[in-house]
Structures are given as C-alpha cells and as structure tokens.
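To start, the structure under review is shown below, and the notes come after it.
Quick note on labels: first sequence line is chain A, next is B, and so on, each numbered from 1. Heavy atoms only: backbone and side chains are in, while hydrogens, waters and symmetry mates are out.
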Amino acid sequence: MLDIKKIRQEPDLIKELLSYRNLEFINIIDQILEVDSKWREKLSEKEKLEAERNKLSKKVGQKKAKKENADKELESLNIIKDKLKEISELEPKFSEEQKKLLFELPNTPSKCTPEGKSEEENKLVYEWGEKRNFDFPVLEHHEIGVQQNILDFERGVKLAKSRFTAVKGLASKLERALMNLMLDLAAEGDYEETSVPVIANADSLQGTGQFPKFKEDVFKLQDEDLYLIPTAEVPLTNLYRDEILNEEELPIRLTAYTPCFRSEAGSAGRDTRGIIRQHQFYKVELVTLCKAEQAEEEHEKLTKQAEKVLQILELPYRKVQLCSGDLGFSATKCYDLEVWFPSQNRYREISSCSLFGDFQARRAQIRFKRSNQDNPKKSKNELVHTINGSALAVGRTLAAILENYQKEDGSIEIPKALQVYMNKKERVS
RNA sequence: GGACAGAUGCCGGAGUGGUUUAUCGGAGCGGUCUUGAAAACCGUCGUAGUGCAAGCUACCGAGGGUUCGAAUCCCUCUCUGUCCGCCA
C-alpha cells in the first residue's frame with residue numbers, strides 16, 4: 001500500500017512513477033484524492049461536533065451530580081446527536097472506498113529500476129557458469145525422470161489432479177538433500193531457520209499483497225477463511241504483523257522451508273509437462289525486515305545468498321534486473337535469477353528477489369521505534385522495509401539438476417555439494 | 001466436539017453509566033542524593049488521525065446496538081485458559 005500522505009502531497013510524481021508500470025493508474029489516483037478530500041472535510045466536522053458533545057455531556061454529569069437542571073444542555077446535545085448520526089452514516093462509505101482503491105495500487109518502481117514495458121526489456125546483470133556441452137541428444141527433465149522412474153506424473157494426477165507429481169526414490173532424496181543444503185547455506189548467511197504454518201488467514205495474505213487483487217491464485221480451505229500459502233513469504237513476513245519492533249533487533253533475517261501452493265489460474269497450457277509449474281512445490285525462502293537505510297544493502301545480500309546456492313550446485317544461471325513493466329505488484333526493485341535448461345535452450349526463473357520498501361509493512365503494520373538520541377521523547381514509530389526471495393525453488397532446482405547433470409547413458413551425476421547429503425552417492429542411475 | 005472461566009497500556013492488575021484527562025504497582029527512561037552503585041524520593045513513560053501550533057478526536061479482544069454520555073449495559077463474533085472426550 002502506498003502512503004496516502006505522499007499521494008496527497010505529490011500526486012503527479014506518483015502518477016508518473018506508476019506510469020512506468022504497464023498500466024495507467026491516473027484515474028485511480030484522482031479518485032483517491034477526491035474521496036480523501038471529501039472524507040477529511042467530513043472528518044474535521046465530525047470531530048468538532050464530538051468535542052462539543054463531550055464538553056456538554058460532562059457538564060450534564062456535573063449538574064446532575066449537584067442535582068441541578070440540565071435540560072438546556074440536553075436539548076443541544078440532541079441536535080448534535082442527530083448531526084453526528086448523519087455524518088457517521090457516510091463515514092464507512094468513504095473509508096471503504098478509500099481502502100479499496102489504495103489496496104489496488106501497486107508499488108512505485110524504485111529509481112534504480114530500469115524503465116521498460118515487458119520481460120524483453122529486463123536488464124541482464126551478468127551470466128554465471130559454464131554451460132555444458134552435450135555430445136548426445138539432450139533429454140528434458142521429465143523424460144529423464146520417467147526413464148529413471150523417479151518422477152511419476154500419472155500417479156500424481158491420480159492422487160490429486162494435473163500439475164501434481166509423485167517424486168520417488170533418488171529424486172525424492174535429492175529434494176531432501178537440496179532442502180538441507182539450502183537451509184544450511186541460509187544459516188551460514190545469518191538467516192534464522194523458522195518453521196511456520198503453511199496455512200494463512202486473509203489478513204496475512206492482505207499484509208504481503210496477495211489479497212485482495214490476486215485472490216484467485218491461492219487455494220482456499222472450504223468453509224474457513226484460511227488459505228494454503230503460495231510462498232513462505234506470507235507467514236515469515238506476517239510473523240511481525242501489527243507489531244512495533246525494537247530498533248536494535250533489525251535487520252531480522254529469516255528462512256523457512258515450506259511447501260507452496262498455487263492455483264495457477266490463468267496459466268493453462270503453460271509448462272504442462274514436467275515439474276516446472278506445479279500446484280504444489282517446495283521452496284526455501286529468505287525474508288528480511290530492516291530499516292530503510294539498510295534496505296538496498298540487504299537486498300543485495302539476499303540476492304547473493306540465493307546465487308550462492310546456484311554457484312555451489314554449479315548450475316549456470318543469469319541474473320536479470322526486472323524492468324518497471326515486469327515488476328511484481330508489491331515490489332519496487334527486483335532481481336530474477338534464471339537457471340539454464342539445456343533441453344529448452346533457455347534460462348528459466350528459479351528465484352525472484354524483491355525489495356518492497358515500506359509497501360508491505362504499511363499493509364501489515366510492521367513498525368519499529370526509531371530512537372532519537374537528542375530527544376528520547378521524539379522517538380518515532382517507522383515502517384520497516386521488507387525484502388524476500390527464494391533460495392531456491394526446490395522443484396525447479398531438481399529439474400535443472402536432472403537436465404544439466406544428465407549423462408549419455410541416462411544416469412544423472414549428483415552435484416558435489418549434494419553428495420555429502422546423500423551418503424556420498426555420486427550418481428542417480 | 002462438550003462444560004466452565006476469561007480478554008484492560010511494556011508487564012501485573014483495579015475499575016459494573018458521568019467530577020476517570022483509565023486507579024495503583026512493577027519494569028524502562030530522566031533527575032535528586034552518592035566517590036560509584038543500591039535504596040529512597042521526584043518526574044516521565046501507548047497508538048493513530050488532524051492541525052504551524054496549542055489542541056481536538058478515536059482506541060480497554062473485534063464488530064454492532066442502547067444512551068445526552070459506555071471500559072462499564074445488550075447482541076454477534078474471534079481468541080486464550082482450565083477440565084472432559086478424541087488424537088500424531
């Protein structure tokens with residue numbers, strides 16, 4: 001959520017910044033400003049009446065205690081009461097409309113986010129690693145998985161529906177090894193391991209920006225206002241929802257390994273084969289809460305943390321900075337890490353490391369007390385800045401390993417860094 | 001799932017219609033005293049909206065209602081605790 005004060009003060013700047021995204025928000029901002037000024041007018045009128053009422057009511061109390069007559073006061077109070085009722089009936093209309101509009105506005109792109117319309121204008125930061133030369137026909141990861149009997153697509157569908165897969169044998173062990181490797185690396189980088197609910201309520205999803213706009217993307221529990229999390233970003237960030245943190249606690253760096261559930265509404269037909277796009281997948285997520293002045297640095301740190309996983313697994317990847325048009329709803333700046341898939345002869349997203357500024361924190365009301373050395377009384381509550389990214393999506397990492405480490409005989413070499421997590425086993429065959 | 005009890009500020013805890021700007025205690029912070037500390041004493045100590053400011057307004061789990069006036073009365077909901085049942 002954007003700051004209404006900022007919108008009020010610099011509407012043109014906000015309009016301009018939002019125009020760098022693909023869509024136009026000029027109308028919404030004008031509507032917000034209109035509702036805002038109308039509402040504030042009513043608000044001050046209301047408060048004046050309330051002040052008057054409180055004063056008179058107190059007088060009534062005093063007079064009655066002294067057994068004096070207070071009819072005159074009661075008469076004016078009745079008039080005020082009617083007026084107040086009139087205004088208070090209007091109030092929810094204004095504030096609801098205001099909220100609805102504000103919740104629909106995406107974050108403004110940061111100064112360092114390149115301007116661009118779509119994916120094609122994303123900026124390549126660098127490529128890392130050596131793409132392997134294969135002197136045999138390269139198989140796709142799902143072909144390898146079926147051939148080795150470690151990915152069972154049909155039975156996964158039988159258990160649930162399409163886009164669910166049973167992962168078996170050494171692939172399942174690889175997943176577990178990946179989880180351990182990723183969590184250990186995150187711990188080395190000072191991210192505290194956390195185990196959180198994978199079901200979240202609507203307030204939590206609103207806090208991180210999935211709601212209200214992207215409701216159709218998550219699975220809802222029947223007859224309950226509860227949802228399967230689409231990413232651990234939701235529980236990790238919302239751990240501190242509605243809290244005021246101590247300045248010294250920041251930055252707070254967290255990591256969690258969780259399953260993630262996505263309805264994939266609107267992506268029918270895309271990546272229907274393989275485990276690239278599933279309704280359920282595992283992911284190690286990194287989340288940072290920090291002060292504004294720490295945010296850029298922490299964003300870089302978190303991204304490097306995610307890159308480290310790819311590097312240690314020796315998977316070729318590239319780092320891309322998203323342009324304004326490709327930026328996610330809540331993000332102000334974002335790096336995508338894309339891993340090389342030889343069968344597709346292209347890079348595919350495996351991690352998205354986003355800086356949100358105070359956008360999520362304003363929705364989720366996560367603040368800290370900024371101490372003022374000169375005048376401790378002037379210590380102010382300030383919104384934290386939030387950052388998150390995956391390190392990494394386990395399913396896609398598994399797919400990338402199967403493809404990049406395949407051998408001509410159909411076996412798969414196990415990356416060195418994972419062997420210690422798999423009883424020193426060197427090969428899947 | 002059943003029964004009962006409860007939800008008040010950082011914590012404990014009082015408050016059942018108006019002189020309550022939410023009593024009091026503890027912790028924290030500032031000060032006095034002290035070589036320093038402790039003790040004692042004095043002061044301070046929530047969030048948000050609005051305003052240049054003084055101030056004003058709202059908030060006692062959430063939402064609604066009654067009333068000139070609600071932490072207090074009424075209704076609905078949520079959560080927590082205890083006991084019972086079931087259970088990894």
Side-chain angles (χ1 to χ4, degrees), chain A residues 1-9 32-102 195 197-207 211 221-227 235 238-250 259 358 361-384:
Chain A
M1 186 162 62
L2 294 175
D3 187 358
I4 180 69
K5 277 190 205 158
K6 251 202 190 127
I7 297 178
R8 207 183 282 149
Q9 280 159 9
I32 288 173
L33 288 170
E34 203 189 313
V35 173
D36 182 58
S37 76
K38 273 189 191 161
W39 186 46
R40 289 202 303 156
E41 208 176 285
K42 288 285 171 198
L43 194 70
S44 81
E45 195 182 328
K46 187 186 132 200
E47 289 192 354
K48 269 182 208 150
L49 285 168
E50 281 172 338
E52 184 71 17
R53 179 200 63 191
N54 290 350
K55 237 191 260 171
L56 281 173
S57 284
K58 199 176 281 176
K59 222 181 209 170
V60 172
Q62 284 166 357
K63 283 200 166 183
K64 286 210 165 164
K66 286 189 236 161
K67 301 248 161 62
E68 288 174 30
N69 184 298
D71 288 353
K72 213 175 108 195
E73 283 80 6
L74 286 175
E75 199 180 314
S76 353
L77 276 165
N78 269 316
I79 298 168
I80 293 174
K81 193 195 172 193
D82 290 343
K83 281 191 195 160
L84 269 173
K85 198 170 180 190
E86 226 170 89
I87 294 177
S88 67
E89 274 163 11
L90 291 172
E91 195 182 325
K93 215 182 82 192
F94 282 126
S95 63
E96 261 165 47
E97 173 143 18
Q98 169 97 291
K99 246 188 220 153
K100 206 185 110 211
L101 292 167
L102 272 174
S195 184
V198 299
I199 291 172
N201 57 29
D203 284 345
S204 297
L205 286 150
Q206 173 124 286
F211 281 12
L221 267 61
Q222 184 144 37
D223 301 329
E224 301 238 39
D225 194 22
L226 292 170
Y227 307 82
N238 279 286
L239 275 175
Y240 299 101
R241 176 156 45 84
D242 296 323
E243 291 194 30
I244 297 165
L245 303 162
N246 291 324
E247 188 172 8
E248 311 83 62
E249 292 179 69
L250 301 173
D358 60 13
R362 185 169 296 106
R363 291 173 155 242
Q365 284 299 295
I366 308 171
R367 293 168 290 178
F368 72 96
K369 196 167 277 293
R370 163 92 66 185
S371 66
N372 184 324
Q373 300 294 16
D374 308 328
N375 189 351
K377 280 187 196 166
K378 286 267 165 70
S379 293
K380 277 249 168 193
N381 290 334
E382 211 173 294
L383 293 164
V384 303

- Message: Distance check, P atoms only: B:G46 and B:C24, in whole angstrom units.
- Response: 15 Å
- Query: Say you pick atom P in B:C68 and the same atom in B:C56; how far apart are they, in whole Å?
  - Reply: 25 Å
- Is there side-chain contact between A:Ile7 and A:Leu102, with at least one heavy-atom pair below 4.5 Å? yes
- Message: Let's test this: given Watson-Crick or G-U wobble pairing with both distances under 3.5 Å, identify the partner of B:G9.
- Response: none
- Is the backbone N or O of A:Ala364 less than 3.5 Å from a side-chain atom of A:Arg241, with the two atoms forming a donor-acceptor pair by type? no
- Task: Can you tell me, in whole Å, how much space there is between the P of B:G61 and that of B:A70?
- Result: 16 Å
- Query: Among B:C68, B:A48, B:U50, which is the nearest nucleotide to the side chain of A:Leu77?
  - Reply: B:C68
- Message: Could you tell me how far apart A:Leu49 (CG) and B:A58 (P) are, to the nearest whole angstrom?
- Response: 12 Å
- Message: Say we look at B:U78 and B:G63: how far apart would their P atoms be, to the nearest angstrom?
- Response: 15 Å
- Contacts of A:Lys46 and A:Leu43 projected onto RNA chain B by closest heavy atom; the upstream (5') one is A:Leu43
- Message: What is the separation between atom CZ on A:Phe368 and atom C1' on B:C10, rounded to the nearest whole Å?
- Response: 19 Å
- Paired with B:A58 by Watson-Crick or G-U wobble geometry, both distances under 3.5 Å: which nucleotide is it? B:U47
- Item | Of A:Glu50 and A:Ser44, the one whose closest RNA chain B nucleotide lies more 5' | A:Ser44
- Pairwise P distance, B:U50 and B:G1 [rounded to whole Å]: 43 Å
- NZ of A:Lys81 versus C1' of B:A70: gap in Å, rounded? 13 Å
- Task: Consider the side chain of A:Asn54, meaning its heavy atoms from C-beta on, and name the nucleotide among B:G49, B:A58, B:G18 that approaches it most closely.
- Result: B:A58
- Among B:U21, B:U47, B:G18, find the nucleotide with the atom closest to the side chain of A:Asn381. B:U47
- Item | Student check: side-chain heavy atoms of A:Glu243 and A:Ile366 closer than 4.5 Å | no
- Item | Per A:Lys5 side chain, nearest of listed nucleotides B:U50, B:G69, B:C56 | B:U50
- Using a strict 4.0 Å threshold on nitrogen-to-oxygen distance, state whether A:Lys38 and A:Glu34 make a salt bridge. yes
- Round to a whole Å and report the spacing from CD1 of A:Ile244 to C1' of B:C59. 13 Å
- Message: I'd like to check A:Ile80 versus A:Leu49 (side-chain heavy atoms, cut-off strictly below 4.5 Å). Are they in contact?
- Response: yes
- Partner of B:C83 by Watson-Crick or G-U wobble geometry, both contacts under 3.5 Å, or none? B:G2
- In whole angstrom, give me the gap between the C1' atoms of B:A14 and B:A71. 12 Å
- Item | Base partner of B:A14, which must satisfy Watson-Crick or wobble distances under 3.5 Å | none
- Take A:Asp225 and A:Tyr227 through the test side-chain contact (heavy atoms from CB on, under 4.5 Å) and record every step on the way to the result. CA-CA 7 Å; A:Asp225 194 22; A:Tyr227 307 82; 2.8 Å; yes
- Over how many whole Å does the gap from A:Asp242 atom CG to B:A48 atom C1' extend? 13 Å
- How close or far is atom P of B:A62 from atom CG of A:Asp203, stated in whole angstroms? 14 Å
- Would you indicate whether the side-chain heavy atoms of A:Lys369 and A:Asn246 approach each other to under 4.5 Å? no
- Below 4.0 angstrom from OP1 or OP2 of B:A48, is there any side-chain N or O of A:Arg367? yes
- Task: Would you mind pulling out the nucleotide paired to B:C41, Watson-Crick or G-U wobble, both distances under 3.5 Å?
- Result: B:G31
- Query: Between A:Gln98 (CD) and B:G49 (P), how many Å, whole number?
  - Reply: 13 Å
- Message: Using a heavy-atom cut-off of 4.0 Å across all strands, would you classify A:Ile80 as base, sugar-phosphate, or nothing?
- Response: nothing
- Write down the partner of B:G63 under the Watson-Crick or G-U wobble criteria, each distance required to be under 3.5 Å. B:C75
- Is the phosphate of B:U47, meaning OP1 or OP2, less than 4.0 Å from a side-chain N or O of A:Lys369? yes
- Item | Among B:A58, B:U21, B:C56, the one nearest A:Lys58 by side-chain distance | B:U21
- Item | Closest listed nucleotide, where the reference is the side chain of A:Arg40 and the choices are B:C68, B:G51, B:U47 | B:G51
- Determine the contact category for A:Arg8: base if any of its heavy atoms lies under 4.0 Å from a base atom, sugar-phosphate if only primed atoms, P, OP1 or OP2 are that close, otherwise nothing. sugar-phosphate
- Query: Between atom CG in A:Asn246 and atom P in B:C29, what is the gap in whole Å?
  - Reply: 13 Å
